[in-house]
Structure formats: C-alpha cells, structure tokens
Amino acid sequence: SEQLWFKLLDKFVVPQRNLKKQQNQFKKGMEIPPAIGKMQQGLARFINDILYNMMGYIAFPSILGKIVHDHGSDEFGDFRSTIMGMLDTYNYEMNILTTANHLLADDTYRSMRVFQKRRA
C-alpha cells in the first residue's frame, strides 16, 4: 500500500520538478508562459491532495521521511505549505487521541469504583 501511494506521489512530483527547471531556464525579465504557471498550480494541488489522503493510510513519520529522503534536495517551498498543514493536522489528531484516552481512563476508573462499591 505504501509503495503505491509513493509511486502516485512521484508521478506528480517529477513533472513539477521538471516544470520548475524549465521555469528557471528563462532569463530574468523574460515572460514565463502562463501555461507553466497553471500546470505548476494544478500539480501542486494534486500533490497536496495526495499527501493529505495518504495520511489516512500511511503513518505521518513515514510520509515525512519519504519526502525528506526523496525530495530533500528540492526547494522546501514546494512542500512547505503541505507539510505545515500536515503537521497541524497531525498535532490536532494527537490532541484528540490524548483527550479521548484521558476520558476513557477516567470513565474506566469511575466504573471500577462504582463496581467495587456495589460489590462491597
């Protein structure tokens, strides 16, 4: 499952990287064709969607490790907003899980106290 997600991600990251190289080849002052910008925006949206959907199936540290390992030489700006959003989501989910764990622990403790009082 992980390999399929990462292959899908690479299918969009590689063309984005190639577009970035093409864009960098234009000299300063030269107008960059609007099609390149539109394609970059579309690819960025697809990459963002893929990464967010991956989080439901693959552990966040694995996703982040793969991005850093395979695309560490790329500009961080290409992944920055996506990674920051993923970190926020991960943090939010961890807070929810921690709160749920505390609630379950408190409920279990109270239930056991009631059970012991009834038994005594």
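In this text the structure is predicted, and so the values were computed from the model without any measurement. Just so you know, residue 1 is the first one in the sequence shown, and it goes up from there.
Residue Met84 is grouped with residue Leu9 when hydrophobic side chains (ILVMFWY) are merged at heavy-atom distances under 4.5 angstrom, including chains of intermediate members. Each of Val14 and Leu19 belongs to its own hydrophobic cluster when Ile, Leu, Val, Met, Phe, Trp and Tyr are linked at side-chain heavy-atom distances under 4.5 angstrom. Cluster annotation: Val13 and Val68 are assigned to distinct hydrophobic clusters (Ile/Leu/Val/Met/Phe/Trp/Tyr, side-chain heavy-atom contacts under 4.5 Å, transitive).
The nearest pair of heavy atoms linking Asp10 to Pro15 is O-CD, 4.1 Å. Shortest non-hydrogen contact noted between Ile50 and Trp5 is O-CZ3, 3.9 Å. Of all heavy-atom pairs between Gln16 and Ile47, the closest is OE1-CD1, 3.2 Å.
We find the CD1-NZ distance between Ile36 and Lys20 to be 11.5 Å, quoted to the nearest 0.5 Å. If you take CD1 on Ile58 and CG on Leu64, they are separated by 12.5 Å, rounding to the nearest 0.5 Å. Residue Asn18 holds its CG atom at 10.0 Å from CG of Leu43, rounded to the nearest 0.5 Å. Going from atom CZ of Arg119 over to atom CE of Met112 covers 9.0 Å, rounded to the nearest 0.5 Å. Distance CG/Leu4 to CE/Met54: 10.5 Å, rounded to 0.5 Å. Here Ile63 contributes atom CD1 and Leu51 contributes atom CG; the two are 6.5 Å apart, rounded to the nearest 0.5 Å.
Legend: residues meeting side-chain hydrogen bond (donor to acceptor under 3.5 Å, both in side chains) with Asp70, ordered by chain and number and at least two apart, are Lys66. With sequence neighbours excluded, the residues satisfying ring-ring contact (aromatic ring centres under 6.0 Å, His included) with Phe60 are Tyr90. Remark: Asn53 engages no residue in a side-chain hydrogen bond (donor to acceptor under 3.5 Å, both in side chains) (not counting sequence neighbours).
Residue Met55 qualifies as enclosed at atom CE: its count of foreign heavy atoms under 6.0 Å is above 12. Shown here is Tyr57, whose OH atom has no more than 12 heavy atoms of other residues, nucleotides or ligands within 6.0 Å.
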